[in-house]
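Not measured: the values here are computed from a predicted model. Letters A, B, ... are given to chains in the order of the sequence lines, protein chains preceding strands, and every chain is numbered from 1.
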Amino acid sequence: MYKEYKQLNLSQTGKDILEFWQQNNIFEKSISSRPADNPYTFYEGPPSANGMPGIHHVMARAIKDIFCRYKTLKGYQVKRKGGWDTHGLPIELAVEKSLGITKDDIGKKISIEDYNDACRKEVMRYTDVWNDLTEKMGYWVDLNDPYITYKNEYIESLWWILSQLYKKGWLYKGYTVQPYSPKSGTGLSSHELNQPGTYKMVKDTTIVAQFFLKNDQQHPLMSTLCKSADEETAILAWTTTPWTLPSNCALAVGEKIDYVKIKTFNPYTFQPVSVVLAKVLVGKYFKAEGENASFDDYKGGDKVIPWTVDAEFKGSDLLGLRYHQLMPYVTTAELEEKAFRVIPADFVTTEDGTGIVHTASVFGADDFRACKENDVPSVMVLDETGKEVPLVNKQGRFVEEVTDFAGRYVKEEYYSKEERDEDGFKPTDVLISIKLKTDNKAFDVKKYEHSYPHSWRTDEPILYYPLDSWFIKTTAVKDKLIELNKTINWKPEATGTGRFGNWLENLVDWNLSRSRYWGTPLPIWREENGTEEKCIGSIEELNKEIDAAAEAGFMPKDFRLADMHRPYVDDVVLVSSNGNKMFREPDLIDVWFDSGAMPYAQWHFPFENKDKFIDAYPADFIAEGVDQTRGWFFTLHAIAVMLSEASDEVKEVNSLVGNPGVAFKSVVSNGLVLDKDGAKMSKRLGNAVEPFETIEKYGADAARWYMISNASPWDNLKFNIEGLDEVRRKFFGTLYNTYSFFSLYANIDKFDYSEADIAIADRPEIDQWIISLLNTLSKEVDAFYADFEPTKAARAIQDFVDAHLSNWYVRLSRRRFWRSDSNTDKLSAYQTLYTCLVTISKLMSPIAPFFAERLYTDLNYATKKENFESVHLADFPTYHADLVNEALEERMQMAQDISSLVLSLRKKVGINVRQPLSKILLPILDKNFEKQVEQVKELILSETNIKDIEYITDAAGFIKKKVKPNFKALGAKVGKDMKAVAAAITAMDQSALAQFEQDGQYTVEIENAKYDILLSDVDIIAEDVEGWQVANLGKLTVALDVTLTNELKQEGTSRELINRVQNLRKSSGFEVTDRINVKLGNAEHISEAVNNNLTYICAEILADTILFDSGLTEGEKTEIDGIEIVIAITKI
RNA sequence: GGAAGUAUAGCUCAAUUGGUGAGAGCAGCACCCUUAUACGGUGUCGGUUAAAGGUUCAAGUCCUUUUAUUUCCA
């Protein structure tokens, strides 16, 4: 027996199936039942379990799940090791919030040890919720043995990778310019800088300084800028941080910006000077009344300073100009050679200042980058250990080399209130301005109010300051990264070539350092003077070093590190070759390194599981959000490519598995899930869709199908909850009804597919047709899945189920199931419909795993046709090319179109479908057409309730034809004469057209040209039949005979009666097999019609007798042909 | 500010890759149908294909600029 249901309940189905899977270990079997030597590798990008999952996680995980399930059906063994991302800032922040502490309290109010313990607990806070969602949404991933990034084994693998890079010389110490708080002595993360209240309005002293050009240089623009030997020309540059001026090393201009040279006088020294600034900013510094005023009449101190524009040029013309160092406290031969010149930068604007930016490479992130790109060295001094340091020390004071200001804080706010209140106290910026004014180097000094970031801890302004960092030299393998990226199959392609490709093209070294507490420690130990350092690559190596250190008395004997995190790892002191102590570099590494290293670390490679690693490297497929492009996708790729060069172990595996050095072969980067109006979902706005609620209400299948069928994974999805209901009604509802229909009659007829298959060729046309379509569908869906196009797969399945299977095949085949006797036609119908349903269950199972399972097991349980316990253990449907009959598909399409046209005509003339009509006319343009229609004639006739089809040829003379140019064919032939030719073709009259058809050729003459048009260059359709009701669709034309004979009328009346009785049967709750007796009251006007069609009526309504009883009052009152009648039916 | 993506009916998406009346579903309206089907059928309403310019015989599709929006990076 096939299971029958009262109604469709996807939510309940999900729960039932989940239980079935769990009890029977279906997931485990889906792996163990596939051969281990045919692996398909998937990497799970680890979620961080410290936040609640959202509906977008359902989306992302559905995509992963779909392809893993698909590949399983295709016979691959798909292991899916789960994982958890456990380090990083979000976790630290969550802990700080729940403990009510700040970073400053770490090591004070709370020990690093307790803090890290809290992090460890925090990390897994929501794992239960996550696991619950994973199960309920039907995401199959191995949760029993996940990799967890904080485990010692995982970290050991990370250390090993770092040591491989270190050995290759690709791990080095440098610096980056970061927000820095001198008072607390720490760097600030961008997150900390984004805290509310960090940016405040402050009034700073700003200076427009004069950078005098070197007169003796060779430069194309010099003849313009310094027209005589004694002309002093200066570039004007503005700064809000005068304390950075001693560190100036370049001036940046915008290449496309217009600049001018202006002759004028310095407003403080009154000396004549020529200055360069952006053209649009002239008005800001020069009064209009001074333009072209007399230079000779000017006296120092005059309110109006005369000026005149002397030259104009582009920023690009200025590049390379050399100038005298503004405040020459520190210089070197290298600086003299490469610094103090004009460079281009894209961040230069003409909003403020002079359109020329003073650049101090060590005190600005943009400055740093621009200088690096243009090979401008920084102004640095050597400290007592011989290390290069900037002119401002870590306390925020000038170093002694800056003689005039040595020891002074660069920011006024760093002085105490008492110091600032002392008589004669002047901020350093002011002192610098005074000095520059005196030296004829300042053009304008002003107070300027602007927004500047402050440390949220000390409330004092931050500095942008160069801080030590460890880098991975990714630029060393840049070319290989780019090259191998081309071998990766990106979905969508644009993400790979565009976003990712550009990122690789502009690659910089990977800044690995993080100043945190909860993360993977950097395994580098250094002597205090920095001369010797060690990079530890394994616990074994560490232990050896510890033993050596113990010998030296630095460590307790037999010390072993139980937890590789801080603070424990910081207790490890090693010994250098000359007997000095070595301390660990205090940095942690970027968490992205954790996740990017998962291919190796998840197996604790190379320390364990080498065989498992070989089987699972590289990944055949990964999928995450597009926001991971520069995150996980990059770190996976970068680490893999670097190891392919740096590690012998990885090289060996690569050559074994034929991997050029990638971590993944295909990647799907999915878009975002937005709310129904396209806004970001957020808890704050209250527009977030709660995944558990959604699954509970609609079922995971509806949610998955909706998300997948609605938009391609990489397009953003506007999530509209109403769409789920539509999916349920339209797709699942239809499929469910089809199954219900099947099970209802199959149970009545005890169909259990025990009979031998009827050869497809022996089945009726319509069965062959749906089998043909089904095969085409299988092939398409297979290709779509293989090409990572789940949306196309879902739409194809949906279209088949709705348009073809339910609304055509079943509807037209219903009578075959109803008949009470058994024959091969009926058996064929059962076998065909069964095949369709079972195949659909397999095709849809990757996307809607629960419903597909129910459908499959319900079918297969009754027939035991296949030996699989679950649809997910079955094989993907095989495509049988020999069962695909394109001609058949084509003529069935014709039948559908013709039927549609006939129904449309009926509607137009107001004759409903129950009223039979005698015939339709089909104009035929070729013999083949008639042959095709003949084969589907019966379907059309029964569908439209027409008695016959009559074919007419144009020989009869009343078909009006129309000729339409085929532009695609003509394009190549006539090119730009298209308009004229098309007009000539359209203008053909009926006789010319007839001639054209006969000759197969038609000559079009237009101005200056003559073209031979062939029949293949046009489409000819029969547009109209004189004197008939006609409808067209494409090339099809149908004419309807609307003549009603008495006989037809009576038949129509009979059908009306059948309809009324059937309605009554249904509303009375009779079984479809119950036989009845019928009594009719007040029905004399239809008695003739009924008597003439008695056998037919009785057969339709399963009646043994129909009696006319004029006195009948008990029964259903209804109306036929405008007169009320009474019907009473009784079960026999 | 930079890079990338998206923009087609009220909503969600198509449009054979440059071939000419821009389609479908949902929603609305009208009528009809149903011994599986709160399903379906027929019709109707709805479009300056974000805007402007260009290339071409021909542009939703290619190019340029602009606008909106999203993501990533500053």
Side-chain angles (χ1 to χ4, degrees), chain A residues 4 7-8 190 346-349 351 365-366 369 492 494-495 497-503 505-506 625-631 634 669 671-672 674 676-680 706 709-712 714-720 722-723 725-727 729-730 733-745 791-792 795 798-799 802-803 806-808 810-811 814-815 817-818 899-908 910-914 943 964-972 974-982 1031 1058-1059 1061-1066 1070-1074 1100-1102:
Chain A
E4 294 185 46
Q7 60 175 357
L8 172 68
S190 58
D346 49 24
F347 55 80
V348 178
T349 68
E351 303 260 311
D366 280 339
R369 187 167 50 86
T495 302
T497 54
R499 189 185 281 210
F500 196 68
N502 287 337
W503 165 251
E505 294 286 344
N506 298 312
V626 68
D627 53 329
Q628 295 294 333
T629 306
R630 290 170 188 185
F634 171 69
S669 75
L672 276 81
L674 309 168
K676 67 185 172 68
D677 300 317
K680 243 198 280 195
Y706 166 72
S709 66
N710 227 284
S712 282
W714 34 89
D715 289 333
N716 289 346
L717 174 73
K718 291 183 191 164
F719 193 96
N720 188 348
E722 285 167 27
D725 210 41
E726 191 185 321
V727 158
R729 280 203 331 262
K730 196 149 169 54
T734 306
L735 188 52
Y736 162 81
N737 282 327
T738 308
Y739 169 79
S740 298
F741 172 83
F742 171 82
S743 58
L744 174 66
Y745 290 100
T791 307
K792 288 182 180 171
R795 287 178 183 172
Q798 200 166 288
D799 187 53
D802 188 47
S806 171
N807 278 318
W808 192 254
V810 174
R811 206 152 53 85
R814 274 180 302 190
R815 291 179 166 271
F817 295 90
W818 297 341
S899 300
S900 169
L901 288 172
V902 173
L903 294 174
S904 155
L905 282 169
R906 278 180 168 278
K907 164 86 187 171
K908 207 191 276 176
I911 301 175
N912 68 18
V913 186
R914 276 196 219 107
E943 178 65 10
K964 291 202 304 190
N966 178 342
F967 288 95
K968 197 162 190 177
L970 282 170
V974 308
K976 60 180 170 355
D977 290 328
M978 179 68 90
K979 264 186 188 141
V981 174
I1058 292 168
N1059 167 254
V1061 175
Q1062 299 291 24
N1063 289 346
L1064 194 51
R1065 281 183 66 114
K1066 195 171 187 185
F1070 289 11
E1071 294 296 320
V1072 294
T1073 47
D1074 292 336
E1100 285 294 306
I1101 61 177
L1102 301 184

Visitor: Write down the distance between CZ (Arg499(A)) and P (rG2(B)), rounded to a whole number of angstrom.
Guide: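 From Arg499(A) CZ to rG2(B) P: 16 Å.
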
Visitor: Against Phe741(A), only a single residue in Tyr736(A), Trp818(A), Phe817(A) fulfils ring-ring contact (aromatic ring centres under 6.0 Å, His included); can you say which?
Guide: Phe817(A)

Visitor: With a 4.0 Å cutoff (strictly under), does any side-chain N or O of Ser900(A) reach OP1 or OP2 of rU42(B)?
Guide: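 Yes.
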
Visitor: Taking atom C1' in both rA14(B) and rC26(B), what distance in whole Å separates the two?
Guide: 14 Å

Visitor: The side chain of Asn1059(A) is closest to which nucleotide in this list: rU34(B), rA38(B), rA36(B)?
Guide: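 In terms of side-chain proximity for Asn1059(A), the closest of rU34(B), rA38(B), rA36(B) is rU34(B).
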
Visitor: Respond yes when some side-chain nitrogen or oxygen of Arg729(A) is under 4.0 Å from OP1 or OP2 of rA27(B), and no when none is.
Guide: yes

Visitor: May I ask you to evaluate whether Ser740(A) reaches the phosphate of rU37(B), defined as a side-chain N or O under 4.0 Å from OP1 or OP2?
Guide: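 Ser740(A) to rU37(B) OP1/OP2: no side-chain N or O under 4.0 Å.
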
Visitor: Is Arg914(A) near enough to rC33(B) that one of its side-chain N or O atoms lies under 4.0 angstrom from OP1 or OP2?
Guide: yes

Visitor: What integer distance in Å separates Asp715(A):CG from rU6(B):C1'?
Guide: 8 Å

Visitor: With a 4.0 Å cutoff (strictly under), does any side-chain N or O of Asn912(A) reach OP1 or OP2 of rC33(B)?
Guide: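 Yes, within the criterion.
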
Visitor: Do the side-chain N or O atoms of Arg814(A) get closer than 4.0 angstrom to the phosphate oxygens (OP1, OP2) of rA36(B)?
Guide: yes

Visitor: Write down the distance separating the P atoms in rG28(B) and rU66(B), rounded off to the nearest Å.
Guide: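 These two P atoms come out 42 Å apart once rounded.
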
Visitor: Measure from the side-chain N and O atoms of Arg1065(A) to the backbone N and O of Ile1101(A), and report whether any donor-acceptor pair falls under 3.5 Å.
Guide: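 The answer is yes, because a donor-acceptor pair under 3.5 Å joins these two groups.
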
Visitor: Tell me which of Leu970(A) and Arg811(A) sits closer to the 5' end of RNA chain B, going by the nucleotide each one is nearest to.
Guide: Leu970(A)

Visitor: If you check the Leu903(A) side chain, which of rG41(B), rU71(B), rU37(B) turns out closest?
Guide: rG41(B)

Visitor: Please report, rounded to the nearest Å, how far the P atom of rC39(B) is from the OH atom of Tyr736(A).
Guide: 14 Å

Visitor: Look at Asn716(A) and rG5(B) and indicate whether a side-chain polar atom (N or O) is within less than 4.0 Å of OP1 or OP2.
Guide: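 No, no such contact exists.
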
Visitor: Aromatic rings Phe719(A) and Tyr706(A): how do their planes relate, parallel, tilted or perpendicular, breaks at 30° and 60°?
Guide: perpendicular

Visitor: Without decimals, in angstroms, what is the distance between Glu726(A) CD and rA27(B) C1'?
Guide: 9 Å

Visitor: Has the side chain of Thr495(A) got a donor or acceptor that lies under 3.5 Å from a partner of the other kind on the base of rA4(B)?
Guide: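 Per atom types, no contact qualifies.
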
Visitor: Please give the distance between the C1' atoms of rG23(B) and rG46(B) as a whole number of Å.
Guide: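 It comes out at 13 Å once rounded to the nearest Å.
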
Visitor: Does Tyr745(A) put a side-chain nitrogen or oxygen below 4.0 Å from OP1 or OP2 of rA36(B)?
Guide: yes

Visitor: Within less than 4.0 Å of OP1 or OP2 of rG40(B), is there a side-chain N or O belonging to Lys730(A)?
Guide: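 For rG40(B), OP1 or OP2 has a side-chain N or O of Lys730(A) closer than 4.0 Å.
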
Visitor: Among rU35(B), rA38(B), rG19(B), which is the nearest nucleotide to the side chain of Asn737(A)?
Guide: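 The closest nucleotide is rA38(B).
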
Visitor: When you measure from the side chain of Gln798(A) to the backbone N and O of Ala803(A), does any donor-acceptor pair fall under 3.5 Å?
Guide: no

Visitor: If the cut-off is 4.0 Å, is Trp818(A) near the phosphate of rA36(B), judged by side-chain N/O to OP1 or OP2?
Guide: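 Answer is yes, contact under 4.0 Å.
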
